[in-house]
Amino acid sequence: SVGGEWTVHATGTLLPAGALDDELGSELDADDADLVVWPPVGADEIDVTDVYATSAAAGLEYGPTFRGLRRVWRRGSEVFAEVRTDAVTAGHEIHPALLDSALHAIAPGGLLPPAGDGDGARLPFAFSGVRLRATASPGLRVRLTARDADTVRIDLADASGLPVGRIDRLTVRPTSPDRLPVAGDDGPATLYTVAWTPRPVPQPVGAGGDWAWMALGGSVPTPMAVPPVLVLDCAVPVPDPSGALCDAASVRALTGTVLATLQEWLDDPRWSDTRLLVRTAGAVATREGEGVPGLAGAAVWGLCRVAQAEHPGRILLVDTDLPGLGGETNPRAAEAVLLAAVVADGLPQSAVRGQDVLVPALVVDDPSDDPSGGAGEAGGAGGAARPDFGDGTVVLTGATGALGMVLARHLVHQHQVKSLLLLSRRGPDAAGGADLVEELTEAGAQVRLAACDLGDLAAVRRVLADVRVTAVVHAAGVTDDAVLTSLTGARLDAVLRAKVDAALHLHEATAGHDLRAFVLFSSVAGLLGNPGQANYAAGNTFLDAFAAHRRAAGLPAVSLAWGLWDVDGGLGRALGPAELARLRRGGVVALAPERALALFDVACARGPALAVPVGLDLPALRRAAADGPLPVLLTGLAPAPTARPAAAPPDRRDGSLARRLATLSAAEQTRTLLLLVRGQVAAVLGYADAAEVDESRAFSDLGFDSLTAVELRNRLTEVTGRRLPPTLVFDHPTPAALAEHLRSALTPDADTVDRALLDELDRAVQNLAGRHLGEAVRTRAALRLQALVAGWTAAPAAGAGRDTGTGTATGTGTDTDLAVASDEELFGLLDDELGAG
């Protein structure tokens, strides 16, 4: 009972002991022998190794206590099972986990017909004729007998086969994964936030002495000798000594410059084995009350998070508490050591504060950590938490959008806001706008709907003139999705304008007002780095940092990094069933409007500067973690089962697939890789089975777009350990063509190896040409080249002087490793080969 109201979950009728004896007693006794003889005679055993993985894939995940199914047999219309629980059974006639496990044999036993298309797991719907004869031990023998297409009888016996009880009829009903409850749905709404915690890092060897550094705005350098790390310094001077604010134009310019640099670097294959370390300074707040002096760089974080998602393992992102390097080619010594530690530990995202390295993670917001004391009750969206919007006018932007209309009604009906200024691009001409004004006016509010370009400061000042504003809710925004490599500066600016420019203009235009609330609608896309949304993510991470910056200055502010809302329209309106299914598989589910509004109230009343109201399916997150790396901020909620070298370049990862292919014939290699490709395609598109993927059908016909193409490329990169281009599915347009391409790449023939060696030699010659080398270096280089040629010419027919794997010269009774030979050894080799002496 909550608040005096009762919720009915089940109903039943209890009969006195013995009332069912006449109906069930003799039948129970007659069937005892079937469970005493064990395993059952004439029954075929069924493998149940993957039964719980299969149910999890259908959206039904059992915890360890409920994974009690041990063995299953099938005999005609009967299924037999052994179940056991490790839970403490004292106090139970039959432990719930034990009884539930007895039902798990229905699916693997094939006892009932398959559910229809779109249906998921079969769940208990109704029990009848339930009788318990004895107390159950931790283990049971079970017999399930089909009565009809959706009903079974269940006989239970103890470990010796003696009867425990029976369920005469259990009726099951199929349910789809979308109807299964998400963790937390049955309790108070959960609000998340981002916590930065210290991370012990290894002591690095050296301090980045072999790295390359580049200042912002320059072209990506041409690598002479490719370094392991290229540092892009994005820290910019603070506009004024107090670090009070930055202007929108500088944010857009900085973010546009970083975008262009990322695109140039990603497009240059010479940097493919180098990691890019993107450095900002003071661009994120790592604790409540911390200012953001490098506010202009905040948008870079959203942009780079998406770059990391689209190009895994290639980019590291770090914020420091030191100013920009000002074009220095060598970092400060203290910072260099910490940055080297970040690289050594492979941290995708981190912040350096003093001598500490901090890493971010999404955590449940704990109201006890609220320095203001908070007005809400512990984590509950349905408690006493009520925002204070003041007694003046509440300004709501994006008011005629799907979310804006929901919010406008909430402000008036639930919070009794009496004065509301609704702003949108079209104002009174927007569809449904006039009806909304009429409805809210009838509810007792004074409502004005006005058209305003929030990207124009003068227009914002005009519309707010003579208005006593006590609260701002900035819910406006636009999306224009594209993968990073195809994103243009114009498309970046348009999305940033709706977020960055609008927020700064509202800030400036309300500077003289007694504001009680300044609420910014951000998106979890900026925190998770949603592929294809680099511009949108950049705008939202700026809002997150801007809220922290206002809080640090003593001004009200909260940024709400929303997940999906379950409403028609809004910024998620372009998502189709496939996209929504992909988000669901990744653990993100849509919030019902009532739940979202409850989170809105909690966050506005006592939330941190950055609150994350998002629907998360934690079991789905754990399944996604087992399948591949999660976004960095989610790893704390669903840690991967094994440690992953997240930032290690793919070409340096274990090459077990290539080694396995080397043992197969060409036909077997192709068949193996085709199965691999089809399996990964099925996972990306959400197919139940790889058999559904036609190997000769074009990826475009299968439903691929630029985002799914990136996801497939990333999956294959992870599996193969090879750097694969973003255009992979466009260059090889069918699963069969892609599999053949992978075979060529992973098992190159002799001609391919020779061509690669010659290309490598050409690059070496080009690198050495024109370089100013000392006399000693030139002499050693010449000696090595001459010795290499001498070794080759000693036995040209048999190829005895060539060993591409070890770099040795043979054929004269010597076996010299040219890579480490001393000058004396090289001179001796040349003398032997040339007949000198």
Side-chain angles (χ1 to χ4, degrees), residues 193-194 196 216 232-240 243-259 262 278-308 315 317-324 349-353 358 360 474 477 492-493 495-507 518 520-529 533-553 555 557-561 608-612 632-633:
T193 190
V194 175
W196 292 79
L216 190 66
L232 174 62
D233 184 17
C234 299
V236 295
V238 176
D240 60 63
L245 201 60
C246 62
D247 63 277
S250 66
V251 176
R252 285 187 273 110
L254 172 62
T255 313
T257 300
V258 175
L259 170 64
L262 285 172
V278 179
R279 175 191 183 273
T280 60
V284 297
T286 60
R287 55 180 173 80
E288 280 293 308
E290 182 180 13
V292 189
L295 186 58
V300 171
W301 272 71
L303 184 82
C304 288
R305 279 174 171 150
V306 174
Q308 288 177 329
I315 300 168
L317 184 58
V318 62
D319 187 76
T320 77
D321 52 3
L322 295 172
Q349 298 169 25
S350 59
V352 173
R353 295 294 184 265
L358 312 176
H474 176 36
L492 173 67
D493 281 355
V495 173
L496 290 182
R497 197 169 185 268
K499 291 285 186 180
V500 177
D501 296 53
L504 291 175
H505 293 164
L506 289 166
H507 165 83
F518 194 90
L520 301 168
F521 268 40
S522 173
S523 170
V524 75
L527 300 176
L528 304 186
Q533 292 193 304
N535 47 5
Y536 187 59
N540 286 302
T541 51
F542 177 85
L543 296 186
D544 299 341
F546 185 46
H549 197 62
R550 279 183 57 101
R551 282 273 189 107
L555 300 172
V558 60
S559 182
L560 305 181
L610 171 57
V612 188
V632 172
L633 269 72

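For the single chain, residues carry numbers from 1 onward in sequence order.
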Query raised in the report: Which residue pairs pass the salt bridge (charged side-chain N to carboxylate O under 4.0 Å, His left out) test with at least one member in residues 533-543, sequence neighbours excluded?
Result: none
**Report entry** Arg305 side chain to Gly526 backbone, donor-acceptor under 3.5 Å
**Finding:** yes
Query raised in the report: Are Arg279 and Leu317 close enough, and set up right, to give a side-chain contact (heavy atoms from CB on, under 4.5 Å), and what steps lead you there?
Result: CA-CA 6 Å; Arg279 175 191 183 273; Leu317 184 58; over 6 Å; no
**Report entry** Beyond-backbone contact of Leu560 with Leu520, side-chain heavy atoms, under 4.5 angstrom
**Finding:** no
Report summary line: Between Ala552 and Gly289, the two heavy atoms sitting closest are CB-O, 3.6 Å
Query raised in the report: Are any non-hydrogen side-chain atoms of Val318 and Val352 less than 4.5 angstrom apart?
Result: yes
Report summary line: Tightest non-hydrogen contact, residues Ala285 and Ala548, listed as CB-CB, 3.6 Å
**Report entry** Nearest heavy-atom neighbours spanning Thr280 and Trp301
**Finding:** OG1-NE1, 2.9 Å
Report task. Using atom types as modelled and distance alone, determine if a side-chain donor or acceptor of Asp319 lies under 3.5 Å from a backbone N or O of Gly282. Result -> yes
Query raised in the report: For the residue pair Val306 and Ala534, what are the closest heavy atoms and their distance?
Result: CG2-CA, 3.7 Å
Query raised in the report: Would you say Gln349's side chain and Val632's backbone share a donor-acceptor pair under 3.5 angstrom?
Result: no
Report task. Could you check if a side-chain atom of Asn535 sits within less than 4.5 angstrom of a side-chain atom of Leu259, using non-hydrogen atoms only? Result -> no
Requested in this report: Indicate yes or no: at least one non-hydrogen side-chain atom of Phe542 is less than 4.5 angstrom from one of Cys246.
Outcome: yes
Query - Residue pair Cys234 / Val278, side-chain heavy-atom distance below 4.5 Å - result: yes
Query raised in the report: When you measure from the side chain of Ser250 to the backbone N and O of Asp247, does any donor-acceptor pair fall under 3.5 Å?
Result: yes
Query raised in the report: Does any N or O in the side chain of Thr541 come within less than 3.5 Å of the main-chain N or O of Gly302, such that one atom is a donor and the other an acceptor?
Result: yes
**Report entry** Ring center gap for His507 and Phe546 short of 6.0 angstrom
**Finding:** yes
Requested in this report: Output yes when a side-chain donor or acceptor of Thr286 lies under 3.5 Å from a complementary backbone atom of Trp196, and no otherwise.
Outcome: no
Query raised in the report: Going by heavy atoms in the side chains, are Arg550 and Phe518 under 4.5 Å from each other?
Result: yes
Query raised in the report: Is the side chain of His549 donor-acceptor paired with the backbone N or O of Gly291 at a distance under 3.5 Å, no angle test?
Result: no
Query - Residues which pass salt bridge (Lys or Arg N to Asp or Glu O under 4.0 Å) with Asp544, listed by chain and number, not counting sequence neighbours - result: none
**Report entry** Pairwise side-chain contact, Leu543 with Phe521, heavy-atom cut-off 4.5 Å (strictly under)
**Finding:** no
Query raised in the report: Can you find a heavy atom in the side chain of Val612 that is under 4.5 Å from one in the side chain of Val524?
Result: yes
